[in-house]
S.K.: 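Okay, handing you the structure first.
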Amino acid sequence: MIEHPHSEYNKQVYYRLIALWVSCEAFAGGIMHGIKLPFSGLIVSSLAIICIVLIAYHVPSPSSIIKATLIVVIFKFILSPHSPPTAYIAVLFQGILGQILFRNHRYFKLAAIILAILGLVESAIQRILVLMIVYGNDLWKAINIFIQKLTREKDPTNYSLVIGIAYIILHAVIGIFVGIFATRLAKNSLAWKDKYPSLMVRHASPDLKGEVLLEQKHDPRKIKIIFILIWLALVLFYIQGKLYPANTI
C-alpha cells in the first residue's frame, strides 16, 4: 500500500482515476446503452469496479471513493444524459459499497471480490426488475410458452425463473474474476511506477545520473477556471438540447 495517501503524487493519480471512471461511465456506458449492446451493464460495471479498487488502493482515504462517486455521477449526467436512471443507481451503489468495504485494507483482496460480486449481481437484478416493471408477467409467460413449444413438454416449466437465476449466477462468477483481476492490477501498478517512470506522474527529483527531472508548473487557479468554463458550456448545451432540440449543435 502507498505510505503517503495525501502526497501530491497520489492526488494526481486520484484525479486521473476519476477521469478514467468518468470515461468508462459517460462515454463507454453511454455508447453501449445507445446502441443497445448486450451485456453493456456487465462491462461498464466491471470497468467501474476496477476503477474503485484502484482508487481504494492508491488513495486509502475515509471518503476518497464516495467523493469520486459523486463526481462521476455529475459528469455522467452531463456527458451521457440519455443513460437510464438505473445506471446512476448502479454507480451510487458501487461507490457506497466500495467505501464501506475498503474502510479496512487488511482484507483488501476479499473486499475487492465481494465488491465485484455484489456490484455485478446488483446490475443483473436491476435488469430483471426493469423487464418485470416494463413488460409485466406477460414476458415471462411468453418465454415459458415459447420454450415449452420448442421442447414439446406437456407439463409447464418455469423456464424464465431458471434463465433469471442463471443470469444472476453468471454475473456473480464473472465478479469473482473481476475482483481478482482488479486486485492484481492495483498491486502491479506500483511496480509500473518504477518500471515506466516516463509514463507516470513524478515530482522534480534527481535521477541516477544526477540530472534533475523538471516538472511543469501550472497555475491551479487557471486550471480551475478552465474546468468551470467547460462544465458550464456542457450544462448550457444540455439545456439547449432539452429546450430547443431542433437547434441542437
S.K.: Output the distance between atom CD1 (I163) and atom CG (L170), rounded to the nearest 0.5 Å.
M.R.: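 One gets 13.0 Å once the value is rounded to the nearest 0.5 Å.
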
S.K.: Nearest 0.5 angstrom please: L118 CG to L97 CG, how far?
M.R.: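 If I round to the nearest 0.5 Å, the distance is 5.5 Å.
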
S.K.: Rounded to the nearest 0.5 Å, what separation is found between the OG1 atom of T69 and the CD atom of E25?
M.R.: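 Here the interatomic distance stands at 9.5 Å.
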
S.K.: Side chains of H171 and S123 only: does a donor on one sit below 3.5 Å from an acceptor on the other?
M.R.: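 There is no such pair (donor and acceptor under 3.5 Å, judged by atom type) between the side chains of H171 and S123.
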
S.K.: Got a sec, which residues hit ring pair (Phe, Tyr, Trp, His ring centres under 6.0 Å) with F181, two or more places apart in sequence or on another chain?
M.R.: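 For F181 there are no ring pair (Phe, Tyr, Trp, His ring centres under 6.0 Å) partners, ignoring immediate neighbours.
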
S.K.: Parallel, tilted or perpendicular for H105 and F102, by the 30°/60° rule?
M.R.: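 Rings of H105 and F102: tilted, 30 to 60°.
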
S.K.: Decide yes or no on side-chain contact (heavy atoms from CB on, under 4.5 Å) for I18 and K67, but give the supporting numbers first.
M.R.: CA-CA 10 Å; I18 293 176; K67 289 179 180 177; over 6 Å; no

S.K.: Quick check: do L54 and L185 have side-chain heavy atoms less than 4.5 Å from each other?
M.R.: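 SC-SC contact between L54 and L185 confirmed.
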
S.K.: How far does OG1 of T86 sit from CD of E122, to the nearest 0.5 angstrom?
M.R.: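 One gets 8.5 Å once the value is rounded to the nearest 0.5 Å.
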
S.K.: Looking only at non-hydrogen atoms, find the nearest pair between F108 and V53 and report the distance.
M.R.: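 Here F108 and V53 meet closest at CZ-O, 3.6 Å.
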
S.K.: Mind running side-chain contact (heavy atoms from CB on, under 4.5 Å) on I168 and I128 for me, showing each step along the way?
M.R.: CA-CA 9 Å; I168 294 174; I128 295 175; 3.9 Å; yes

S.K.: Start with the C-alpha gap between L92 and V73, add the side-chain angles, then the distance that decides, and say whether side-chain contact (heavy atoms from CB on, under 4.5 Å) holds.
M.R.: CA-CA 8 Å; L92 291 172; V73 169; 3.8 Å; yes

S.K.: Is I89 linked to I65 within one hydrophobic cluster, defined over Ile, Leu, Val, Met, Phe, Trp and Tyr using a side-chain heavy-atom separation of less than 4.5 Å?
M.R.: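 No, I89 does not connect to I65 through the hydrophobic network.
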
S.K.: To check you understand the geometry: which heavy-atom pair defines the closest contact between Y14 and A68, and what is its length?
M.R.: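 Heavy atoms of Y14 and A68 come nearest at OH-N, 3.5 Å.
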
S.K.: Mind checking whether W21 and I100 sit in one hydrophobic cluster, side chains of I, L, V, M, F, W, Y counted as touching below 4.5 Å?
M.R.: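 No; I100 is not reachable from W21 via cluster members.
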
S.K.: Can you name the nearest heavy-atom pair linking I49 to G119, along with the distance?
M.R.: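 Result for this residue pair: CD1-CA, 4.2 Å.
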
S.K.: Could you tell me the separation between the CD1 atom of I50 and the CG atom of L17, rounded to the nearest 0.5 Å?
M.R.: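 Between atom CD1 of I50 and atom CG of L17 there are 11.5 Å.
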
S.K.: To the nearest 0.5 angstrom, please state how far the OH atom of Y88 sits from the CD1 atom of I74.
M.R.: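 Answer rounded to 0.5 Å: 11.5 Å.
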
S.K.: For residues 45-54, pull every pair meeting side-chain hydrogen bond (donor to acceptor under 3.5 Å, both in side chains), keeping only residues two or more places apart or in separate chains.
M.R.: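 Qualifying pairs, neighbours excluded: S45-Q94.
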
S.K.: State, to 0.1 Å, how close G95 and I52 come at their nearest heavy-atom pair, and which atoms those are.
M.R.: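 Taking every non-hydrogen atom into account, N-CD1, 4.1 Å.
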
S.K.: Hydrophobic cluster membership, with links at side-chain heavy-atom distances under 4.5 Å among I/L/V/M/F/W/Y: are I96 and V72 in one?
M.R.: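 No, separate clusters.
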
S.K.: I need the minimum non-hydrogen distance between L47 and C24, along with the two atoms involved.
M.R.: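 It is CB-SG, 3.9 Å.
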
S.K.: Please walk me through it: do F93 and Q126 pass side-chain contact (heavy atoms from CB on, under 4.5 Å)?
M.R.: CA-CA 11 Å; F93 175 82; Q126 268 194 4; over 6 Å; no

S.K.: Please report the shortest heavy-atom distance between A186 and Y57, naming the atom on each side.
M.R.: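 Residues A186 and Y57, closest heavy atoms: O-CE2, 3.4 Å.
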
S.K.: Using the rule that two of Ile, Leu, Val, Met, Phe, Trp, Tyr join whenever any of their side-chain heavy atoms come within less than 4.5 Å, decide whether I66 and I55 are in one cluster.
M.R.: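 No; tracing contacts between hydrophobic side chains, which count when under 4.5 Å, never links both residues.
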
